[in-house]
Amino acid sequence: MSYKALFDLSGQVAVVTGSSKGIGRVIAEALAEAGAKVVVSSRREESCAPVAEAINVAGGEAVAIPCHMSKGEQIDTLVDGAMSKWGRIDVLVCNAAVNPHFGPMATVTEEAYDKVLNTNVKHNLWLCNRVIPQMAERRDGAVIIVSSIAALKGNDMLGIYGISKAADAQLARNLAVEWGRSNIRANCIAPGLVRTDFARALWEDPERLAKATATYPLGRIGEPEDIAGAALLLASPAGRFITGQTLVVDGGVTISG
Ligand SMILES: NC(=O)c1ccc[n+]([C@@H]2O[C@H](COP(=O)([O-])OP(=O)(O)OC[C@H]3O[C@@H](n4cnc5c(N)ncnc54)[C@H](OP(=O)(O)O)[C@@H]3O)[C@@H](O)[C@H]2O)c1
């Protein structure tokens with residue numbers, strides 16, 4: 001297979017949750033540039049529509065379909081919208097996530113705990129359950145869940161979020177097992193600290209950023225663009241024998257002392 005064919009998504013349809021900005025946006029743009037028709041989704045029409053428009057202006061094909069991933073009933077709107085627009089979904093990127101609790105697990109409210117697990121785990125499964133069967137009918141499909149390195153280590157402030165991201169890694173492994181015979185691949189990406197609004201509290205303060213940067217062997221935190229290549233690999237024919245894995249994309253922070 002030629003290098004270009006390895007990363008060619010022509011004729012495919014990709015749905016990316018939480019893609020109006022940050023990591024999701026660059027993933028949507030990369031998949032579009034590789035030839036996929038892309039559904040840009042986030043809670044608000046007014047934030048995802050301009051991203052779809054920018055992809056169309058750049059010569060790609062995209063549509064905006066809002067879906068609040070904390071509200072399970074909106075999953076049907078997203079899937080039905082994508083299916084009625086393009087009739088298929090080949091690549092599903094579960095990228096949207098929430099973290100309403102920054103602090104020790106001992107202080108989390110039931111409401112915040114439920115919100116994290118419902119949005120980051122349960123609704124990802126509901127979305128996969130809606131999308132994967134039509135992939136299986138064609139015996140081809142890729143599911144990518146954006147996890148986090150918070151899934152791999154204990155953390156005194158991000159424990160509840162880390163539990164949800166560890167569950168996402170297991171979700172990908174189990175989808176890989178349950179759907180592998182239908183040639184569905186399911187994987188996670190676990191980013192390190194990436195300069196987005198989501199993680200602003202961890203990088204905005206220069207002192208905090210300097211401390212964080214010092215722990216990264218590559219000498220810097222991540223930019224959203226650093227995550228796009230991993231997503232393209234896992235979505236495309238180049239990744240066709242990779243399944244059930246969590247690909248850590250973190251500048252080396254988890255392997256350094
Ligand atoms: N940044 C990091 O350091 C980092 C590290 C590891 C993992 N991650 C993971 O990376 C993923 C993307 O985060 P990011 O850093 O790119 O965040 P971001 O820049 O804040 O973008 C979040 C995106 O998700 C949308 N969104 C937020 N809540 C949503 C919901 N309930 N339902 C649907 N869409 C929602 C936002 O748009 P609207 O506001 O329009 O809804 C936006 O498009 C998340 O899964 C996060 O856990 C991030």
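Start at 1 and go down the list; that is how both ligands and their atoms are numbered. Model, not experiment: these values are computed from the prediction.
If you chain together hydrophobic residues whose side chains sit under 4.5 Å apart, W126 and I184 fall into the same group. Note: the hydrophobic cluster containing L127 does not contain V121 (ILVMFWY, side chain heavy atoms under 4.5 Å, direct or indirect links).
Scored by the ring pair (Phe, Tyr, Trp, His ring centres under 6.0 Å) test, Y161 finds F198 as partners (sequence neighbours excluded).
At distances below 3.5 Å, at least one donor-acceptor pair connects side-chain atoms of R185 with backbone N or O atoms of G141. A donor-acceptor pair under 3.5 Å links the side-chain atoms of Q134 to the main chain of I89, judged by distance alone. Using modelled atom types, no side-chain atom of S148 and backbone atom of A151 make a donor-acceptor pair closer than 3.5 Å. Judged by distance alone, the side chain of N187 and the main-chain N or O of I242 form a donor-acceptor pair under 3.5 Å. The backbone N or O of A186 sits less than 3.5 Å from a side-chain atom of T243, completing a donor-acceptor pair. With hydrogens and angles disregarded, a donor-acceptor distance shorter than 3.5 Å links the side chain of S41 to the backbone of I65.
Remark: minimum distance from atom 33 (C) of ligand 1 to any protein heavy atom is reached at C67 O, 3.2 Å. Here the heavy atom of the protein found nearest to atom 3 (O) of ligand 1 is V194 N, 2.7 Å. Shortest contact from atom 6 (C) of ligand 1 to any protein heavy atom: P191 O, 3.4 Å. In terms of protein heavy-atom proximity, atom 18 (P) of ligand 1 is closest to F198 CB, 3.8 Å. Here the protein heavy atom with the shortest distance to atom 48 (C) of ligand 1 is I23 CD1, 3.8 Å. What sits closest to atom 30 (C) of ligand 1 on the protein, heavy atoms only, is R43 CG, 3.5 Å. For atom 21 (O) of ligand 1, the closest non-hydrogen atom of the protein is K21 CG, 3.6 Å. From the protein, the heavy atom lying nearest to atom 1 (N) of ligand 1 is T196 OG1, 3.0 Å.
The shell of residues lying under 4.0 angstrom from ligand 1, judged by heavy atoms, includes G192. Ligand 1 lies nowhere less than 4.0 angstrom from a heavy atom belonging to R25. Under the 4.0 angstrom criterion for non-hydrogen atoms, T17 is not in contact with ligand 1. Ligand 1 lies out of reach of W203, whose nearest heavy atom is not under 4.0 Å from it.
Relative to atom 12 (C) of ligand 1, the option among N95, L158, I227, V40 with the closest non-hydrogen atom is N95. Of the candidates S42, C94, A151, the one placing a heavy atom closest to atom 40 (O) of ligand 1 is S42. Looking at I221, N118, V146, N120, it is V146 that brings a heavy atom closest to atom 9 (C) of ligand 1.
Heavy-atom proximity to A96, at under 4.0 Å, picks out these atoms of ligand 1: 33 (C), 34 (N), 35 (C). Residue contact check: S70 has heavy atoms under 4.0 Å from atoms 31 (N) of ligand 1. Atoms of ligand 1 found under 4.0 Å from any heavy atom of L193 (numbered from 1 in listed order, with element): 3 (O). Near H68, meaning under 4.0 Å from one of its heavy atoms, ligand 1 places the atoms 31 (N), 32 (N). Short contacts between ligand 1 and G18, defined as distances under 4.0 Å to a heavy atom of the residue, involve ligand atoms 23 (C), 24 (O), 25 (C), 34 (N), 42 (C), 43 (O). Atoms of ligand 1 lying under 4.0 Å from at least one heavy atom of S47, given by number and element, are 40 (O). Every atom of ligand 1 with a heavy atom of S20 under 4.0 Å away is listed here by number and element: 36 (C), 37 (O), 38 (P), 40 (O), 42 (C), 43 (O). The atoms of ligand 1 that sit less than 4.0 Å from any heavy atom of G22 are 16 (O), 19 (O).
Only backbone heavy atoms of S19 (N, CA, C or O) come within less than 4.0 Å of ligand 1; its side chain stays farther off. At a heavy-atom distance under 4.0 Å, no atom of R195 approaches ligand 1. Only the backbone of S147 comes within contact range of ligand 1, with a heavy atom under 4.0 Å; no side-chain atom does. Of all the heavy atoms of C48, none lies under 4.0 Å from any atom of ligand 1, so neither backbone nor side chain is involved.
Geometrically, ligand 1 and M69 share a nitrogen or oxygen pair separated by less than 3.5 Å. Looking at T119 next to ligand 1, no N or O pair under 3.5 Å apart turns up. Of the N or O atoms in S41, none lie within a sub-3.5 Å distance of an N or O in ligand 1.
The number of heavy-atom neighbours closer than 6.0 Å to CZ of R240, taken from other residues, nucleotides and ligands shown, is 12 or below. Taking a 6.0 Å sphere around CZ of R200, one finds it holds more than 12 heavy atoms contributed by other residues, nucleotides or ligands. Within 6.0 Å of the CD atom in E33, the count of heavy atoms belonging to other residues, nucleotides or ligands does not exceed 12. Shown here is E73, whose CD atom has more than 12 heavy atoms of other residues, nucleotides or ligands within 6.0 Å. Heavy atoms from other residues, nucleotides or ligands lying under 6.0 Å from CE of M105 number 12 at most.
Under the 4.0 Å criterion applied to side-chain N and carboxylate O atoms, R195 and D226 are not assigned as salt-bridge partners. Under the 4.0 Å criterion applied to side-chain N and carboxylate O atoms, E207 and K211 are not assigned as salt-bridge partners.
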S164 and N120: side chain to side chain donor-acceptor pair (under 3.5 Å), yes or no, with the steps? CA-CA 6 Å; S164 76; N120 300 3; 3.1 Å; yes
